[in-house]
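Side chains are part of it too, since the values below use all heavy atoms of this structure and drop only hydrogens, waters and symmetry mates. It should be emphasised that the depicted structure is a prediction, and the values quoted were computed from it without experimental measurement.
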Amino acid sequence: MANSHILVGAITNPLQPVVRRISTSDLYYALARGYDDFAAFPSYAVFLCVIYPLLGILLIGLTSGTLSLLPLAVPIAAGFALVGPVAAIGLYELSRRREAGLDSSPSHVFDVLHSPSLGAIIALSVLLMAIYLIWLVVAYALYIVIFGYSAPASIDQFITDWLTTPRGWTLIIARWGIGFLFAALVLSISAISFPLLLDRDVGAVDAMQTSLRVMAANPLPMALWGLIVAALLVIGSIPFFVGLTVVLPLLGHATWHLYRRTVEPGHNPHPDYQPREHPHHSAADFPVALLPTHWWGKSDIGQNG
């Protein structure tokens with residue numbers, strides 16, 4: 001009964017974030033404010049994101065050392081954009097605190113661990129990771145369809161076949177086309193989902209629905225935002241992902257301010273997070289992670305009453 005009450009409660013809750021219409025000027029505003037946040041605390045913003053490019057270099061190095069996995073090198077690097085929103089959670093939190101006039105020291109990047117919406121954040125993060133893994137499977141399947149099961153003879157031969165042959169260009173075009181669909185899906189469900197989860201006590205379903213509503217209300221500006229993000233990620237990836245140490249914090253902070261432009265402020269935003277214990281849930285209670293955590297208490301009361 002408790003789980004049924006929690007699941008039904010998400011449908012009957014009448015409170016929905018109010019979505020605004022924006023223009024391209026709002027995108028430039030978000031980028032400018034994002035840069036302002038980055039300039040206010042660049043040292044630890046870069047520190048947080050340096051792990052991201054180093055991980056990219058490591059993974060490409062691993063695939064380059066194993067010729068059978070070499071065809072996955074480019075999809076691994078390109079697919080990082082699919083999990084970028086997860087990597088930037090700490091940056092959203094720093095921008096949130098700075099905007100609210102709270103202490104924005106480096107240690108507060110971990111305050112997301114005390115967020116009332118932590119379960120939903122984890123659930124949405126797992127979803128994006130699953131999409132990333134599906135992308136890798138699809139990208140590798142495309143390579144097999146076009147080039148067969150044989151591993152490249154060498155790195156030089158792989159690059160030559162990839163860039164100078166009709167089959168190579170077919171692979172590039174097919175991957176770009178399918179990769180665009182994956183990127184559009186992730187942008188649609190996560191454009192403002194994580195900032196919303198940090199700002200309010202909502203569930204992952206509510207966050208994704210709100211992100212989809214923002215996309216539907218602002219198709220052209222949000223499409224342009226997606227192109228800006230993609231272009232900056234490409235620029236930041238050359239050479240060897242070093243530029244991402246600047247691009248990622250800039251985009252992370254800017255995404256928080258884009259959220260502020262696209263969604264009306266709520267009546268009950270989170271104040272400062274305080275460490276607290278959450279009620280224990282078993283594996284059977286996984287759907288709870290998709291719903292606002294303040295309902296957990298209601299379910300516990302129902303169980304005890």
Side-chain angles (χ1 to χ4, degrees), residues 49 52-88 124-191 193 208 211-212 215 219-220 222-244 247-248 251 255:
C49 293
Y52 187 88
L54 287 179
L55 181 61
I57 294 172
L58 173 63
L59 291 176
I60 287 185
L62 290 174
T63 57
S64 298
T66 305
L67 291 178
S68 61
L69 296 179
L70 188 59
L72 279 176
V74 173
I76 285 175
F80 271 140
L82 303 179
V83 292
V86 180
L124 187 54
S125 299
V126 170
L127 175 60
L128 294 190
M129 288 300 300
I131 293 174
Y132 177 50
L133 294 177
I134 292 172
W135 153 249
L136 294 181
V137 170
V138 171
Y140 193 64
L142 279 173
Y143 178 85
I144 292 175
V145 168
I146 295 173
F147 282 96
Y149 287 94
S150 300
S154 66
I155 295 179
D156 290 341
Q157 184 62 48
F158 169 74
I159 294 175
T160 299
D161 291 341
W162 182 44
L163 296 178
T164 64
T165 67
R167 289 192 302 173
W169 279 103
T170 299
L171 178 64
I172 291 173
I173 294 172
R175 278 181 173 174
W176 271 100
I178 295 177
F180 171 80
L181 297 178
F182 275 89
L185 171 62
V186 169
L187 178 66
S188 297
I189 65 176
S190 68
S193 295
M208 289 189 290
S211 186
L212 288 169
M215 297 293 293
L220 293 181
M222 293 306 295
L224 178 58
W225 176 252
L227 291 176
I228 291 173
V229 171
L232 289 177
L233 288 176
V234 170
I235 294 171
S237 300
I238 303 172
F240 303 112
F241 305 98
V242 174
L244 292 181
V247 169
L248 278 176
L251 288 176
T255 298

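Here the CH2-OG1 distance, from W225 to T255, works out to 4.5 Å after rounding to the nearest 0.5 Å. Expressed to the nearest 0.5 Å, how far OG of S190 lies from CD1 of I131 amounts to 8.0 Å. One finds the CG atom of L248 at 10.0 Å from the CG atom of L232 (value rounded to the nearest 0.5 Å). Considering CH2 of W169 and CH2 of W176, their distance stands at 10.5 Å, rounded to 0.5 Å. Here CG of L133 is found 11.0 Å from CG of L128. Values are rounded to the nearest 0.5 Å. Atom OG1 of residue T164 and atom CD1 of residue I159 lie 10.5 Å apart, to the nearest 0.5 angstrom.
Put simply, the side chain of L70 reaches to within 4.5 Å of the side chain of I155, judged on heavy atoms. When side chains are defined from C-beta on, V229 does not count as touching L187, because their heavy atoms never get closer than 4.5 Å. At a threshold of 4.5 Å between non-hydrogen side-chain atoms, the residues L163 and I172 count as touching.
Nearest heavy atom pair, residue L127 against residue M208, reads CD2-SD, 3.6 Å. Contact between G236 and V247 at its shortest, heavy atoms only, is CA-CG2, 3.9 Å. Nearest heavy-atom pair, A139 versus R175, reported as atom, atom and distance to 0.1 Å: O-NH2, 3.0 Å. In terms of heavy-atom proximity, P152 sits nearest to Y143 at CG-OH, 3.6 Å.
A side-chain donor-acceptor contact under 3.5 Å links Y132 to the backbone of I76. Checking side-chain atoms of S211 against main-chain N and O of S188 turns up a donor-acceptor pair under 3.5 Å. Side chain of W135 to backbone of G179: no donor-acceptor contact under 3.5 angstrom is found.
No more than 12 heavy atoms of other residues, nucleotides or ligands shown are found within 6.0 angstrom of CZ on F180.
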